[in-house]
Amino acid sequence: MSTHPRAYSVLYSSTFAFMVCFVVWMMFGVLGIRIREELGLNAFQFGLLTSTPVLTGAIFRLPLGIWTDRFGGRIVMTVLLVGCAVPVYLVSYAQVLWQFLLIGLCLGLVGASFAVGTPYVSRFFSAERKGFAMGFFGAGTVGAAVNLFVTPVLLEAYGWRMVPKIYAVALLVTAAIFWFASAPDPGAGKTGGKLADQFKVLKNPKVWRYCQYYSITFGGFTALSLWIPQYFQAEYGLALVAASALAAGFSLPGAVLRAVGGGLADRVGAHKMTWWCLWVAWICLFVLSYPDTTLTVKTLDGASSFHLYLPVWLFTLVLFVLGAMFAFGMASTFKYVADDFPENMGVVTGIVGLAGGLGGFLLPLMFGALADLLQIRSSCFMLLYGVVWVSLIVMYFSEVKKVQISGELAATKG
């Protein structure tokens, strides 16, 4: 298959649409801080507020992936952008927590745009360029960083209730731009067989492994993008604008470098990329997990105290590296999918995206519950440290013992 003549127009317009969707999807990470103050929410309730849109975005990735295979990415993406403008606008009129949660469930559909764009974009590119194309499209998660730069400025200038109205208009404008810049989906309607037949792919254990990898790379990226602004504010006493700007030190590389990760995965293979990215992420999370601690050691000359603490510059630097590793891991996971399931991209993308979205939904809830229970702010990183460790163990027993780190099949003994 050769690259389609309109491939790059489709790629750029789809990535832009996904970026705008991601800004809207992540907006409660910033708006939620003001809403938390206004409603007097605890850590768990704040986690629920910020993660509720992520739940819908996760659940609907699977059906939207299927609909993309049947009706085409151009139609599905346009309808999604227009339809979600309504609940986004209604956020401005919510008064109590249950209203925010209900509307959040509706606007969360924008997060499912990933399951539309990934198979849509990939069908315009040749096999050797699919990793790059999906990585470039996935870089639309830069919307998480755009949210951290733009939303605080809009909030300070116009008040938080005006921000959703502005974003609703942005969705409508984006829908128009996308429709005229994109092209009909060459794969629309080509998925044969009954719907039940498409789900037979669930019997393949590779699908579940890729769900595990994506639940930590994308799920961890999404959860921390929502959680980090208030973490900076509480841990280091920063103002909202400053806290959000520093939080972009995690979200920005976690988005922009995804395109680089896709290209690297094309070169070195999905296995090698994922394996080493998870190891570096594991080390970063170990460093970030350590809380502000004073140790007193009894020496020969008496007691001696040591203060262990991450200054804000070092904390931001380690977050930057962690964001880059999550970006590479997200890209390499979908390189796996493109290599192993080229005929079922919509369904498998939806399933794996669903797992990642569920991770992004559950993790902030667990962050809040652990913070309320342990009263240790860095417990969120402790939890992610354990999850990455599980992923490394799964990968070792399922792949590393069978595949050498170069990506070549290991010679069988005997």
Side-chain angles (χ1 to χ4, degrees), residues 131 134-135 138 201-224 253-254 257-258 260-290 318-319 321-341 344 348-349 351-360 362-363 366 370 378-414:
M134 290 186 295
V201 73
L202 290 171
K203 297 179 180 179
N204 192 322
K206 290 181 179 180
V207 175
W208 298 104
R209 288 206 303 270
Y210 304 157
C211 286
Q212 166 67 22
Y213 304 157
Y214 204 61
S215 67
I216 181 57
T217 53
F218 179 79
F221 170 79
T222 302
L224 287 179
L257 293 180
R258 187 163 175 169
V260 178
L264 288 174
D266 283 335
R267 288 172 174 266
V268 305
H271 166 72
K272 187 175 182 180
M273 276 287 296
T274 307
W275 175 249
W276 286 113
C277 287
L278 288 178
W279 269 111
V280 176
W282 185 72
I283 294 169
C284 290
L285 288 166
F286 176 81
V287 175
L288 294 170
S289 295
Y290 220 90
V318 178
L319 270 182
V321 177
L322 179 62
M325 293 305 103
F326 279 170
F328 291 160
M330 286 186 277
S332 63
T333 299
F334 275 94
K335 173 61 175 173
Y336 271 126
V337 173
D339 289 344
D340 295 340
F341 304 98
N344 301 93
V348 179
T349 295
I351 294 169
V352 175
L354 170 61
L358 286 176
L362 293 173
L363 285 171
M366 298 168 77
L370 278 176
S378 63
S379 57
C380 57
F381 299 111
M382 298 176 187
L383 174 63
L384 286 176
Y385 173 85
V387 175
V388 171
W389 187 228
V390 170
S391 297
L392 286 168
I393 293 172
V394 169
M395 193 170 191
Y396 176 77
F397 283 106
S398 63
E399 295 188 60
V400 176
K401 291 185 71 175
K402 298 178 182 179
V403 180
Q404 304 214 6
I405 204 64
S406 64
E408 299 175 356
L409 290 177
T412 55
K413 296 180 180 180

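- Sparse packing is recorded around CE of M366, with 12 or fewer heavy atoms of other residues, nucleotides or ligands lying under 6.0 Å away.
- Nearest heavy-atom pair, L278 versus L392, reported as atom, atom and distance to 0.1 Å: CB-CD2, 3.5 Å.
- Within the 4.5 Å cutoff, the side chain of L224 has heavy atoms near those of the F381 side chain.
- Separation of atoms OG1 (T333) and CE (M273) is listed at 9.5 Å; rounding is to 0.5 Å.
- Taking OG1 of T274 as the reference point, atom CE of M330 lies at 12.0 Å (rounded to 0.5 Å).
- Using the six-membered ring where Trp is involved, W282 and W279 have ring planes that are perpendicular, over 60° apart on the 30 and 60° scheme.
- The side chain to side chain donor-acceptor pair (under 3.5 Å) contacts involving residues 380-391 comprise Q212-S391, where partners must be two or more places apart or lie in separate chains.
- To the nearest 0.5 angstrom, L319 atom CG is 9.0 Å from L285 atom CG.
- Closest non-hydrogen pair, L363 versus A223, comes out as CB-CB, 3.5 Å.
- Here OG of S215 is found 14.5 Å from OH of Y210. Values are rounded to the nearest 0.5 Å.
- Under the 4.5 Å side-chain criterion, counting only non-hydrogen atoms from C-beta, C211 is in contact with I351.
- Side-chain contact check for W208 versus V394: every heavy-atom pair is 4.5 Å or farther apart.
- For S289 against S378, the heavy-atom pair with the smallest separation is O-OG, 2.8 Å.
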Under 3.5 Å, side-chain donor or acceptor atoms of residues 321-328 against the rest of the protein: list the pairs with distances, not counting sequence neighbours.
none

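- Nearest heavy-atom pair, M395 versus W275, reported as atom, atom and distance to 0.1 Å: CE-N, 3.5 Å.
- Rounding to the nearest 0.5 Å places CG of L383 at 10.5 Å from CG of L362.
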